[in-house]
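For reference, the structure is listed below as C-alpha cells.
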Amino acid sequence: MNDIVCVQDLENHAYKVLPKNILDYYKSGALSEQTLKLNRSAFSNFRIRPRMMRNVTDRDLSITVMGEKVAMPIGIAPTAMQKMAHPEGEAATAMAAQEKGVIYILSTIATTSIEEIATVAPNAIKWFQLYVYKDRGITKQLIQRAEKAGFKALVLTVDAPVFGLRLSDVRNKFTLPSHLKFANFEGTVNVEINEDVTGSGINKYVSNAFDTSLTWDDLKWLRSITKLPILLKGILTAEDAIKAADLGVVGIIVSNHGARQVDSVPASIEVLPEIVKAVGDRMEVFIDGGFREGIDVFKALALGAKMVFVGRPVLWGLSYDGQRGVKKVFDMLENEFDNTMTLTGCATVKDIIPDMVVHKSYYSRM
Ligand SMILES: Cc1cc2nc3c(=O)[nH]c(=O)nc-3n(C[C@H](O)[C@H](O)[C@H](O)COP(=O)(O)O)c2cc1C
Ligand SMILES: CCCCCCC(=O)C(=O)O
C-alpha cells in the first residue's frame, strides 16, 4: 500500500517518528500560532477560474529564474539544522534539489558546511541564506565562501533581528543535539547555546550573535563585498518592497518566516497582491509560507509570484527517507501542480494569468 501520497501524509509520518523537542522546533510558530494557522487557511479565500478546451497535451512546468532554467516554480526555502531530521541533513536535501532541477537555499545555520554542499551537489542551483553577524568579519567570510563554492545568489533574511517566541522551544529548552554542530562556524564563532528564561537556547545564541543594528544602508556594504545578486527574505509590506526596489535589490521573498517571528502578521498569500501591485514590474517577487499543495502554487503564480518556496515539507521528507523523501515531496508537488495546470487550461507557466485566481468575495458580489 502507498500510504504517502501528499505532503500532509509526510507531515503525519514525521509527527510519529521525530523526537518531541525536534518536532516542536520544526513545526512551531510564534506564540499562539495565529499566523501559522492563517498561512494554510488563507489559501481557501482564493478561488480558481479554470479555462477549457485549450490543448494541454504538451505541458512545460519550467521557468527561468535569474538566467537559470529551473524545472518547476517550486524551490527549497532555507531551514536550519537539517541533520536533526536525517543524518545526511542538508546534503540529502541539496542532492534531491539537484535531481529535481529546483533551486536550493542553504541556511547560514546549517549542520552541513557550504563547501560540503558544493561538493555533493555541484550541479544544483544553490543560493545562500545569510544572517548578518555582529562580527562583520564572520559575515564577510561566509559570503566569500558561498561565492567561491558556486552559490548563485545571496538571500538576506531581514525578519530576524531576534527570534520569535516559540513557546514549545522555551518549554523544551530547545538546543542543538550535542552530536551535531553549526557546520559553517567551526573555529570562527562561539556557538554555545544556553537555555534562557526568556526564550529557548537558540534565542540566546541569536541575541548574542545576530546584528540587530541592520538597516537599509547595510545593503551598500553588502554590495561592496560581493558580486552575487541580493534578495531580501521576509518582506511583508508594499512600503518595504518599494524601498528594496529603489535600492536595486533583484528580488524579494514575501515571507513571514513560516509564522515563526511576529504572530498576527498576515498569511504570506494575503500580502502577495499588495506587493505585486507595488513592485511586480520592477523586481522578481517570490513567496513562501504554508505551501503544501500544487493548487497553492498555482494560486500564488496567478497572483503574481515568480515562484514559491517550501520549508517544513522538506523537513518532513527528510525525516521520512532522506534524499528520497525530499525528492518525493517534489514529485508529489510537481504532479499536483501539473494536474492543476492541465485542468485549468495552462500548458505553460506563462498561461497562469491574474484572471485565473480571484478573491472569494468576487462570487458574493454577483
Ligand atoms: C525549522 C525551521 C527552520 C528555519 N530556518 C530558517 C533559516 O535558517 N533561515 C531563514 O531565513 N529562514 C528559516 N526558516 C523559515 C523558512 O525559510 C521559510 O520562510 C518557512 O519555513 C516557510 O514556511 P513553510 O514552512 O510553511 O513552508 C525556518 C523555518 C523552519 C520551519
Ligand atoms: C541557533 C540559531 C538559530 C537558528 C535559525 C533558524 C531559523 O531561522 C528558525 O526559524 O528557527
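Fair warning: this is a prediction, and the values are worked out from it, not measured in the lab. Because only heavy atoms are used, hydrogens play no part in the values below, and waters and symmetry mates are left out as well, while side chains stay in.
One finds the NZ atom of Lys83 at 7.0 Å from the CG atom of Leu180 (value rounded to the nearest 0.5 Å). Atom CZ of Arg312 sits about 8.5 Å away from atom CD of Glu11, to the nearest 0.5 Å. The line from CG of Leu156 to CG of Asp218 is 9.0 Å long, rounded to the nearest 0.5 Å. Atom CD of Glu270 sits about 11.0 Å away from atom CG of Leu236, to the nearest 0.5 Å. The CG atom of Leu301 sits 11.5 Å away from atom CE of Met356, with the distance rounded to the nearest 0.5 Å. In this structure, the separation between CZ on Phe182 and CE on Met81 is 5.0 Å, given to the nearest 0.5 Å.
Residues forming a salt bridge (charged side-chain N to carboxylate O under 4.0 Å, His left out) with Asp58 (at least two apart in sequence, or on another chain): none. Evaluation of the salt bridge (charged side-chain N to carboxylate O under 4.0 Å, His left out) rule for Arg51 yields no partner, not counting sequence neighbours. With sequence neighbours left out, Thr64 forms a side chain to side chain donor-acceptor pair (under 3.5 Å) with no residue at all. For Asp281, the side-chain contact (heavy atoms from CB on, under 4.5 Å) criterion is met by no residue, not counting sequence neighbours. Not counting sequence neighbours, the partners of Lys100 by the salt bridge (charged side-chain N to carboxylate O under 4.0 Å, His left out) test are Asp331, Glu334. Ala300 meets the side-chain contact (heavy atoms from CB on, under 4.5 Å) test with Ile269, Leu272, Ile287, Phe291, Ala305, Val308; sequence neighbours excluded. Residues passing the side chain to side chain donor-acceptor pair (under 3.5 Å) test with Glu88, sequence neighbours excluded: none. The side-chain contact (heavy atoms from CB on, under 4.5 Å) test applied to Lys277 returns no partner, not counting sequence neighbours. With sequence neighbours excluded, no residue satisfies side chain to side chain donor-acceptor pair (under 3.5 Å) with Glu274.
With hydrogens and angles disregarded, a donor-acceptor distance shorter than 3.5 Å links the side chain of Asn184 to the backbone of Ile114. The backbone N or O of Ala85 sits nowhere less than 3.5 Å from a side-chain atom of Ser319 that would complete a donor-acceptor pair. Looking only at distances, a side-chain donor or acceptor of Lys134 sits under 3.5 Å from a matching main-chain atom of Ser207. For Glu284 (side chain) and Gly251 (main-chain N/O), no donor-acceptor pair under 3.5 Å exists by modelled atom type. At distances below 3.5 Å, at least one donor-acceptor pair connects side-chain atoms of Asp263 with backbone N or O atoms of Thr35.
A salt bridge does not link Lys328 with Asp321: every distance from a Lys NZ or Arg NE/NH1/NH2 to an Asp or Glu carboxylate oxygen is 4.0 Å or more. Electrostatic pairing of Lys20 and Asp24 counts as a salt bridge here, judged by a charged N lying under 4.0 Å from a carboxylate O.
Between Thr175 and Tyr205 there is no side-chain heavy-atom pair separated by less than 4.5 Å. Put simply, the side chain of Glu293 does not reach to within 4.5 Å of the side chain of Phe43, judged on heavy atoms. Within the 4.5 Å cutoff, the side chain of Phe163 has heavy atoms near those of the Gln261 side chain. Contact annotation: the side chain of Tyr104 approaches that of Leu106 to within less than 4.5 Å [non-hydrogen atoms, C-beta and beyond]. Phe185 places a side-chain heavy atom less than 4.5 Å from the side chain of Thr108. Between Gln98 and Pro122, some side-chain heavy-atom pair lies under the 4.5 Å cut-off. Looking at heavy atoms from C-beta onward, Phe309 lies out of side-chain contact with Val102 at the 4.5 angstrom threshold. At least one side-chain heavy atom of Leu142 sits under 4.5 Å from a side-chain heavy atom of Phe128.
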>> Run Leu38 and Asn256 through side-chain contact (heavy atoms from CB on, under 4.5 Å) and show every step you take.
In response: CA-CA 11 Å; Leu38 260 187; Asn256 51 35; over 6 Å; no
>> Is there a side-chain contact (heavy atoms from CB on, under 4.5 Å) between Met332 and Leu10? Walk through the geometry before answering.
In response: CA-CA 11 Å; Met332 294 187 305; Leu10 280 178; 3.7 Å; yes
>> Please determine whether side-chain contact (heavy atoms from CB on, under 4.5 Å) holds for the pair Ile352 and Phe298, giving the CA-CA distance in whole Å, both sets of side-chain angles, and the decisive distance to 0.1 Å.
In response: CA-CA 7 Å; Ile352 307 172; Phe298 184 94; 3.8 Å; yes
> Would Val65 and Phe286 satisfy side-chain contact (heavy atoms from CB on, under 4.5 Å), going step by step from the backbone distance to the final call?
Replying inline: CA-CA 10 Å; Val65 180; Phe286 305 95; 3.8 Å; yes
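For the pairing with Leu130, the side-chain contact (heavy atoms from CB on, under 4.5 Å) check across Thr157, Val155, Thr226, Leu222 returns one residue only, Leu222. When each of Gln82, His179, Lys181, Glu90 is checked for a side chain to side chain donor-acceptor pair (under 3.5 Å) with Thr111, only Glu90 meets the rule. The side chain to side chain donor-acceptor pair (under 3.5 Å) test with Asp159 singles out one residue from His257, Arg260, Lys233, and that residue is His257.
Side-chain atoms of Asp288 and Ser255 include a donor-acceptor pair closer than 3.5 Å. In this structure, a donor-acceptor pair under 3.5 Å is absent between the side chains of Gln141 and Arg136. Donor-acceptor pairing under 3.5 Å is lacking for the side chains of Asn339 and Thr342.
The number of heavy atoms from other shown groups lying within 6.0 Å of CZ (Arg40) is above 12. Around atom CD1 of Ile295, no more than 12 heavy atoms belonging to other residues, nucleotides or ligands sit under 6.0 Å away. No more than 12 heavy-atom neighbours from other residues, nucleotides or ligands sit within 6.0 angstrom of NZ on Lys148.
Leu61 and Val56 sit in two unconnected hydrophobic clusters of ILVMFWY residues. Membership requires side-chain heavy atoms under 4.5 Å apart, directly or through other members. Under a hydrophobic clustering in which Ile, Leu, Val, Met, Phe, Trp and Tyr are joined whenever their side-chain heavy atoms come within less than 4.5 Å, directly or via other members, Leu23 and Leu36 fall into different clusters. Val162 and Leu167 fall into different hydrophobic clusters, where Ile, Leu, Val, Met, Phe, Trp and Tyr side chains are chained together by heavy-atom contacts under 4.5 Å. Hydrophobic clustering of Ile, Leu, Val, Met, Phe, Trp and Tyr side chains at less than 4.5 Å, counting indirect connections, unites Val254 with Trp216. Linking ILVMFWY residues whenever their side-chain heavy atoms come closer than 4.5 Å, directly or via other members, leaves Val5 and Val329 in distinct clusters.
Other members of the cluster containing Met53 are Met52, with ILVMFWY side chains joined at under 4.5 Å, either directly or via other members. Through side-chain heavy atoms spaced under 4.5 Å, either directly or across other Ile, Leu, Val, Met, Phe, Trp or Tyr residues, Met95 is tied to Val120.
Evaluation of the ring pair (Phe, Tyr, Trp, His ring centres under 6.0 Å) test over residues 326-366, restricted to residues two or more places apart or in two chains, returns Phe46-His359.
Classified by interplanar angle (parallel below 30°, tilted 30° to 60°, perpendicular above 60°), the ring pair Tyr25/Phe174 is parallel.
Met341 and Thr348 get closest at one heavy-atom pair: CE-C, 3.5 Å.
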